[in-house]
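Every value quoted in this text rests on a predicted model; they were computed, and no experiment measured them. Reminder, nothing fancy here: chain letters follow the sequence lines and each chain counts from 1.
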Amino acid sequence: MKERDYNFADIEVKWQKKWHDSGDFKSTADASKKKYYVLEMFPYPSGRLHMGHVRNYTIGDIMARFMKMKGFNVLHPMGWDSFGLPAENAAIKNNIPPQKWTADNIAFMKAQLMRMGFGYDWDREVTTFKSDYYRWNQWLFITMFERGLVYKKKSPVNWCPSCQTVLANEQAENGVCWRCESKVVQKDLSQWFFKITQYADALLAGHDEIKDNWPEQVITMQRNWIGRSTGLQVNFKLESGEDFPIFTTRPDTVYGVTFMVIAPEHPLLSRVTDPHVKQFIERLKNQPMAERTADDKEKEGIDTGLRVINPFNGETLPLYAGNFVLMEYGTGAIMAVPAHDTRDFAFAKKYGIPQKLVIDNPASPIDIDKLADAYTLEGVNVNSAQFNGLRNTQAKEKIAEFAEAQGFGKRTVNYRIRDWGISRQRYWGCPIPMVLCDTCGEVPILEKDLPVILPTDVAFNGDSRSPLNSMESFLNTTCPKCGRPARRETDTMDTFVDSSWYYAKYTSPSSEKILSPEEADYWLPVDQYIGGIEHAVLHLLYARFFSMLMHDLGLIKNREPFKRLLTQGMVIKDGSKMSKSKGNTVDPDEIINKYGADTVRLFMLFASPPQKDLDWSDKGVEGSFRFLSRVWRFVNKHAHLYQKDRAPGAETEKLKKIRTELHRTVKIVTNDIEERMQYNTAIARMMELINTINQVEESEWETVEGRAVLSEILERFIPMLFPFVPHIAEEMWEMLGCTTTLSGRPWPEFSQELSIRGESEIVFQLNGKIRAKVSVPSGITKEEMEKMALEHERVREMTGGKEIVKIITVPGKLVNIVLKV
RNA sequence: GCCCGGAUGGUGGAACUGGUAGACACAAAGGACUUAAAAUCCUUUGAGCUCACGCUCGUGCGGGUUCAAGUCCCGCUCCGGGCACCA
């Protein structure tokens with residue numbers, strides 16, 4: 001019989017077409033079936049798929065196909081996060097309209113996704129730059145506006161004075177403009193904010209619901225990002241008698257305050273008249289945020305000349321402006337206690353400010369003059385009036401109570417998280433649906449007038465300013481309230497808004513409303529979300545925020561959008577992340593051409609567990625290809641022996657063992673996919689099985705019993721391969737004479753009884769060191785194991801004459817004999 | 001700097017709840033087949049010692065807990081992700 005070559009190119013095209021034509025991955029809500037919604041983070045259409053995408057979507061495809069085989073009604077959609085900076089950069093550089101650039105990229109990348117054999121329901125494709133999607137961004141915006149969840153305030157942006165334009169952080173690295181290298185300054189602009197702080201407690205509380213199915217590190221990062229802290233707001237007084245509130249988590253140190261620090265943006269600083277001081281403050285303001293708060297950067301500040309009075313002891317304190325104090329956190333001002341705060345300590349040393357000890361270490365009293373760094377541990381209050389002698393943890397409470405009683409303090413909760421600034425001074429984004437009317441002020445567009453369409457007939461003049469600003473046809477409109485002439489908002493929304501609710505839109509992409517309640521209720525929440533760990537905080541927090549918001553608007557039933565989360569690692573080559581700038585990228589297309597999509601998929605999953613970084617290796621890819629070729633050859637050679645209907649027949653010892661290995665493999669692979677999400681070990685197990693069955697003599701397969709076992713292997717092994725390498729699996733399945741496609745087949749079952757090996761190896765240890773290995777029947781009792789150990793020749797030799805202190809036996813594993821030394 | 005991770009042979013990784021470290025691959029070396037090459041198949045492969053039975057060491061570094069530590073605890077080093085306008 002002539003054997004067929006593994007012609008992956010033809011096979012893959014053939015099955016991709018079949019799946020597509022038969023609508024294999026289309027999904028319909030059906031209340032009678034259990035649903036499973038698998039979602040991968042949608043890509044930014046940057047031009048070509050990179051290996052990170054391939055990895056992400058391969059993992060998703062495995063889950064979707066596996067769950068479908070498990071009998072679930074699976075939703076597995078794909079879309080495009082298609083607004084953003086790169087399209088504008090391309091427009092400026094090559095004068096291609098952003099829309100064209102983006103649409104071309106989408107077409108190209110969609111074809112690439114199809115070549116990988118990913119099973120998506122393309123009828124549900126969501127593209128954020130299209131107005132039928134972004135109109136709902138605008139609808140959500142005005143709905144939030146009406147509920148007081150949107151407000152406008154001044155906020156600093158990176159500004160290039162030479163280009164006269166706003167810069168993204170990425171464009172302002174090292175404080176220099178990316179295009180002209182001018183020094184970047186901070187400029188205040190009036191911008192729109194979403195009140196995510198109002199949801200801070202809800203976002204924290206929601207963690208309880210998801211914590212068992214999300215990586216712990218993501219929950220921790222989010223919790224720290226939200227940064228809830230309880231403390232005391234203390235109203236210090238300016239010399240002029242006005243209140244000067246600060247927030248502190250350390251009220252116990254309030255008697256140790258020796259100076260105050262205020263953010264350089266603080267409005268109070270308008271009172272400063274000294275030109276030298278004013279100039280210094282300006283300079284602090286223009287330091288990029290990342291630098292200001294970085295502790296490796298020197299803390300800087302200047303005495304403003306203003307004085308503040310501590311309400312606890314009446315002391316007069318100097319007020320500094322300091323770069324490390326943030327206007328956005330607390331009240332934009334802090335009390336500084338150099339003796340008990342590391343940062344304050346360094347600042348005080350630098351500017352020669354005195355320090356005062358108020359918490360002493362009872363074990364070894366502190367000499368304030370010899371203090372090398374702040375004492376931040378617990379201790380006992382000193383120099384703290386009536387609070388002396390209290391443990392500082394108690395003093396914290398007592399001092400807070402005292403301040404509240406005296407009327408100059410209030411216990412409050414503070415969050416590190418700030419409201420979400422969504423205004424972007426850019427063209428390629430969703431227009432913010434507001435107009436500015438001279439009479440009525442900021443007015444939202446009426447719902448019936450949505451969407452506010454982003455004009456696409458725009459010209460870029462080689463600079464990065466948004467063309468909307470000079471487009472009269474867009475700018476001029478009438479006020480929805482009074483009908484008089486008004487001007488449109490030209491800022492667009494942060495693209496994170498687009499990606500904060502797209503998972504919901506997939507459930508009902510063609511609905512005339514934002515969502516169809518029936519379909520949203522059926523499909524949501526997402527059962528399994530998959531994406532890069534780099535999104536642990538921003539995207540995943542914003543998406544949770546929007547989900548809660550949509551819940552509160554009565555649009556969806558669940559508060560949490562993603563039941564289970566898998567964060568996959570990066571794709572690394574030669575020690576660093578694959579990136580264009582490093583020149584270490586590998587183009588998926590090249591590898592598909594050389595080995596086929598199935599090999600790429602298999603390697604992606606085999607090279608490392610999904611959560612960890614994956615080291616790309618060309619040689620490793622060859623290994624995956626070799627495995628598929630080996631399987632192909634085996635099936636090719638033995639397909640004619642396959643019998644669908646067969647008598648079980650008595651088996652030889654060898655065949656029995658092979659059968660055990662088969663059932664063991666199904667058991668382990670099922671568990672690896674379903675419970676552990678560790679595909680590399682699942683594949684390793686399947687490789688072992690192939691290695692085992694390849695050792696069987698050809699003649700043995702040809703016996704009646706051999707054919708039965710062989711048929712059972714083929715019947716279970718090929719479907720098991722299907723989620724990983726669907727094309728080759730389908731082709732081999734067809735080779736057996738089966739006519740139904742594998743995607744409609746159930747996942748193979750296994751017999752618990754048959755999966756247990758007859759014998760297992762255990763070890764005998766003496767004082768924890770292995771001294772012998774023996775093979776024992778499975779199911780042996782503890783007593784039998786101990787007896788065997790003590791009777792073992794080598795063990796007896798080595799224990800002879802020594803006293804046995806105790807014997808530890810782990811069933812099925814080991815016996816450890818502890819001897820007196 | 002702050003928050004969160006990671007480190008296991010020449011390489012990617014395995015070891016699931018503290019219980020046989022190195023499964024499965026890659027690479028390398030040797031061999032078979034071949035006129036030859038490719039492909040395929042077989043053998044060896046953590047380090048050191050030993051004629052051998054075996055022994056000692058070994059999971060980034062330094063300590064600790066335990067009969068037993070890659071796994072738990074304390075203290076470090078290095079690498080990576082995030083830090084709010086890249087997505």
(message) Could you check whether A/Glu328 pairs with A/Arg416 (Lys NZ or Arg NE/NH1/NH2 to Asp/Glu carboxylate O, under 4.0 Å)?
(response)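 The answer is no: the pair does not qualify as a salt bridge.
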
(request) Using a strict 4.0 Å threshold on nitrogen-to-oxygen distance, state whether A/Lys152 and A/Glu489 make a salt bridge. (result)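 Counted as a salt bridge, because a side-chain N and a carboxylate O are separated by less than 4.0 Å.
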
Interatomic distance where [atom1] belongs to [X] and [atom2] belongs to [N] [whole Å]:
X: A/Ile668; N: B/A15; atom1: CD1; atom2: C1'; result: 13 Å
X: A/Trp616; N: B/U11; atom1: CH2; atom2: C1'; result: 16 Å
X: A/Lys594; N: B/A38; atom1: NZ; atom2: C1'; result: 14 Å
X: A/Lys769; N: B/G19; atom1: NZ; atom2: P; result: 18 Å
X: A/Ile693; N: B/C24; atom1: CD1; atom2: P; result: 15 Å
X: A/Lys637; N: B/U40; atom1: NZ; atom2: C1'; result: 11 Å
X: A/Gln765; N: B/A21; atom1: CD; atom2: C1'; result: 13 Å
X: A/Lys619; N: B/A28; atom1: NZ; atom2: P; result: 6 Å

Spacing of the [atom1] atoms in [M] and [N] (rounded, Å):
N: B/A28; M: B/U77; atom1: P; answer: 39 Å
N: B/A15; M: B/U8; atom1: P; answer: 15 Å
N: B/A21; M: B/U71; atom1: P; answer: 14 Å
N: B/A69; M: B/G58; atom1: P; answer: 11 Å
N: B/G54; M: B/C61; atom1: P; answer: 30 Å
N: B/A25; M: B/A32; atom1: P; answer: 24 Å
N: B/U56; M: B/C4; atom1: P; answer: 42 Å
N: B/C74; M: B/G22; atom1: P; answer: 29 Å

Please determine, for the side chain of [X], which listed nucleotide ([options]) has the closest atom?
X: A/Lys773; options: B/C16, B/U20, B/G13; result: B/U20
X: A/Pro86; options: B/C3, B/G12, B/A87; result: B/A87
X: A/Arg418; options: B/C85, B/G19, B/A84; result: B/A84
X: A/Asp81; options: B/A87, B/C67, B/A84; result: B/A87
X: A/Asn691; options: B/C24, B/C85, B/A15; result: B/C24
X: A/Asp615; options: B/A87, B/G12, B/A15; result: B/G12
X: A/Asn169; options: B/A23, B/G80, B/C85; result: B/C85

Would you kindly check whether a donor in the side chain of [X] faces an acceptor in the base of [N], or vice versa, at under 3.5 angstrom?
X: A/Gln425; N: B/C85; answer: yes
X: A/Gln222; N: B/C4; answer: no
X: A/Asn816; N: B/C67; answer: yes

(message) Taking syn as a glycosidic torsion within 90° of 0 and anything else as anti, which one is B/G9?
(response)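 Glycosidic conformation of B/G9: syn.
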
What contact category does [X] fall into here, base, sugar-phosphate, or nothing, at under 4.0 angstrom with non-hydrogen atoms?
X: A/Glu622; value: nothing
X: A/Met41; value: nothing
X: A/Glu761; value: base
X: A/Ile417; value: base
X: A/Leu814; value: base

If only side-chain N and O atoms of [X] are considered, is one of them under 4.0 Å from the OP1 or OP2 phosphate oxygen of [N]?
X: A/Arg676; N: B/A15; answer: yes
X: A/Gln678; N: B/A15; answer: yes
X: A/Arg343; N: B/G1; answer: no
X: A/Thr220; N: B/C4; answer: no
X: A/Asn680; N: B/C24; answer: no
X: A/Arg771; N: B/C53; answer: no

Quick check: are there more than 12 heavy atoms from other residues, nucleotides or ligands sitting under 6.0 Å from [atom1] of [X]?
X: A/Lys594; atom1: NZ; result: no
X: A/Asp212; atom1: CG; result: yes
X: A/Glu698; atom1: CD; result: yes

(request) To the nearest 0.5 Å, tell me how far A/Glu40 CD sits from A/Met78 CE. (result)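 Result: 5.0 Å between the selected atoms.
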
(request) Working to the nearest 0.5 Å, report the span between CD1 of A/Ile417 and CH2 of A/Trp225. (result)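 Output value for this atom pair is 8.0 Å.
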
(request) May I ask you to decide if the ring planes of A/His539 and A/Tyr529 are parallel, tilted or perpendicular, using 30° and 60° as cut-offs? (result)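 Because their plane-to-plane angle lies in the 30° to 60° range, the rings of A/His539 and A/Tyr529 count as tilted.
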
